[in-house]
Protein chains: 2
Amino acid sequence: MSRGKLNVREPLLRRLPRYYRYLNELKNMEVKRTSSLELGERMGITSSQVRQDFNCFGGLGQQGIGYEVNALLGRIRKILGLNSRYKVIIAGVGNIGHSLASYSEAASEGFDILALFDVNPRLIGCSVNGIMIYDIDDMKEFIREKGVEIGIICVPKDRAQATADIMIEAGIKGIWNFADVDLYGPAEVVIENACLNDSLYTLTCRMNILQCF
Amino acid sequence: MSRGKLNVREPLLRRLPRYYRYLNELKNMEVKRTSSLELGERMGITSSQVRQDFNCFGGLGQQGIGYEVNALLGRIRKILGLNSRYKVIIAGVGNIGHSLASYSEAASEGFDILALFDVNPRLIGCSVNGIMIYDIDDMKEFIREKGVEIGIICVPKDRAQATADIMIEAGIKGIWNFADVDLYGPAEVVIENACLNDSLYTLTCRMNILQCF
DNA sequence: GTGCAATTGTTAAAACTTTAACATTTGAAT
DNA sequence: ATTCAAATGTTAAAGTTTTAACAATTGCAC
């Protein structure tokens, strides 16, 4: 039964992974059932918001009772797309690329990092965490052949858009970008800019404002 | 002349680092002057929003002319708190902690990473990128003595809040958290949760929704 | 089995954010 | 000198998001 395009707006989209985390926490505490009030209090949001949010997906709870942790978790897991496995590659084996490749929990969460790519001839042929590093010139073909879905961009910012363009041409579905620029692509390719500097500057900005600008 | 607390709301706060980036780009292209229209087009927002945003800081442009790139950049730099230097430490020398310590651009941007801390006896005494790793039990005293302002949390999630609490007790001003949990503290301590998983799940969620849920 | 407390789904109001509109200012062309 | 085009600052409208309110539903106590 195929329904229309889900209307998940930006603020809700940012809350969804948090719901997922807090529900996992409850699950680990072996809590079977929760309420919009409890969940909201834990997360620092109103119960109204929790109910409103869950209603976007069409009533995940039961009136008078609350929400079943497991069922809700499963539902949100699915909405987040975490029921599928993803074929992933990383472009750029600098600090951050290396670090993401070493993050071995990734696979257990459904993200299979198939290969790393770099321009540096000294790196090509080596491996990180058991994952081979290939010449970035071979990336396009690799994506096509293996049907890679997610590309992680960890190249220097002046190479980032070009790298993204290659991924897009090769038919990638999503790009997770760690370079210090915004990347652009066609609407059917999802791009998430995870610019770490922006996050840090947000911190200093708030520190600065607190000291009564 | 001390003014009242600047009213920078969340959406603007998230745009500020982007303005900073795009203005730096213009500066590097040796563009001397820009307009809300040009800047907005580059950033994919309306000129109205650009003007509205800058007006929060009291008119950074000149009517009929536009905005001087250098002056505007300097002003935003200051608002972001990037005119100060910051004493920084990193707790947890795993993948991400290691990677952030190796990011040598940090120092040139005003962030001096003074020390790393970990529980692992094998790591204590080693150094990364010239920065020593100390026993995490010594962290509190270190923060107090050196007047550390920013703490970066890269410890496992089940240790994250405890680590934050120690930092807060020691008088830290801001916490940049990479652990997979939200951290909480008193209002006067700024906490920025840079949960990478959340960002990734946002990506998969959008990929999932595009495929007509 | 009735009433009560708990809790959702849903509707309405309030708050916030973005966009549009326009008066005002500036510099350049004639 | 006047006019015009290009811009900002600012006010108002539109749109979005959050919060509040409440009817409907459930389970439990009596």
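Here is the naming used below: chain letters follow the sequence lines, and residue numbers restart at 1 for every chain.
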Heavy atoms only, 4.0 Å cut-off, all strands: where does [X] land among base, sugar-phosphate and nothing?
X	answer
Ser36(A)	sugar-phosphate
Thr46(A)	sugar-phosphate
Arg15(B)	sugar-phosphate

Of the candidate nucleotides [options], which contains the atom at the shortest distance from the side chain of [X]?
X	options	result
Gln52(B)	dT8(D), dT10(C), dA20(C)	dA20(C)
Ser35(B)	dT18(D), dA7(D), dT18(C)	dA7(D)
Tyr67(B)	dA21(C), dT8(D), dT17(C)	dT8(D)
Pro11(A)	dA20(C), dT17(D), dT8(D)	dT17(D)
Asn55(B)	dT10(D), dT19(D), dT18(D)	dT10(D)

Check your understanding: Which class fits the ring pair Tyr86(A) and Phe111(A): parallel under 30°, tilted 30 to 60°, perpendicular over 60°?
Key -> parallel

Could you check how far [atom1] of [X] sits from [atom2] of [N], rounded to whole Å?
X	N	atom1	atom2	answer
Leu72(B)	dA7(D)	CG	C1'	14 Å
Leu60(B)	dG9(D)	CG	P	7 Å
Gln49(B)	dA21(C)	CD	P	16 Å
Glu38(A)	dA6(C)	CD	P	14 Å
Arg33(A)	dA6(C)	CZ	P	15 Å
Leu13(A)	dT17(D)	CG	P	11 Å
Asp53(A)	dT10(C)	CG	P	14 Å
Arg51(A)	dT11(C)	CZ	C1'	12 Å

Revision key, fill the gap. To the nearest 0.5 Å, atom CG of Asp118(A) lies from atom NE2 of His98(A) at 11.0 Å

**Study point:** 5' priority, DNA chain D, between Phe54(B) and Ile65(A) [closest heavy atom]
**Key:** Phe54(B)

Study note, to complete from the structure: Residue pair Arg9(A)/Gln63(A) against DNA chain D: nearer the 5' end by closest nucleotide is Arg9(A)

Practice item. Could you walk me through whether Glu192(B) and Arg14(B) pass the salt bridge (charged side-chain N to carboxylate O under 4.0 Å, His left out) test, one step at a time? Key: CA-CA 12 Å; Glu192(B) 166 78 6; Arg14(B) 297 289 156 192; 3.1 Å; yes

**Study point:** Glu30(A), CD: over 12 other non-hydrogen atoms inside 6.0 angstrom
**Key:** no

Practice item. Taking atom types as modelled, find out whether Gln49(A) and Asp53(A) have a side-chain donor-acceptor pair closer than 3.5 angstrom. Key: no

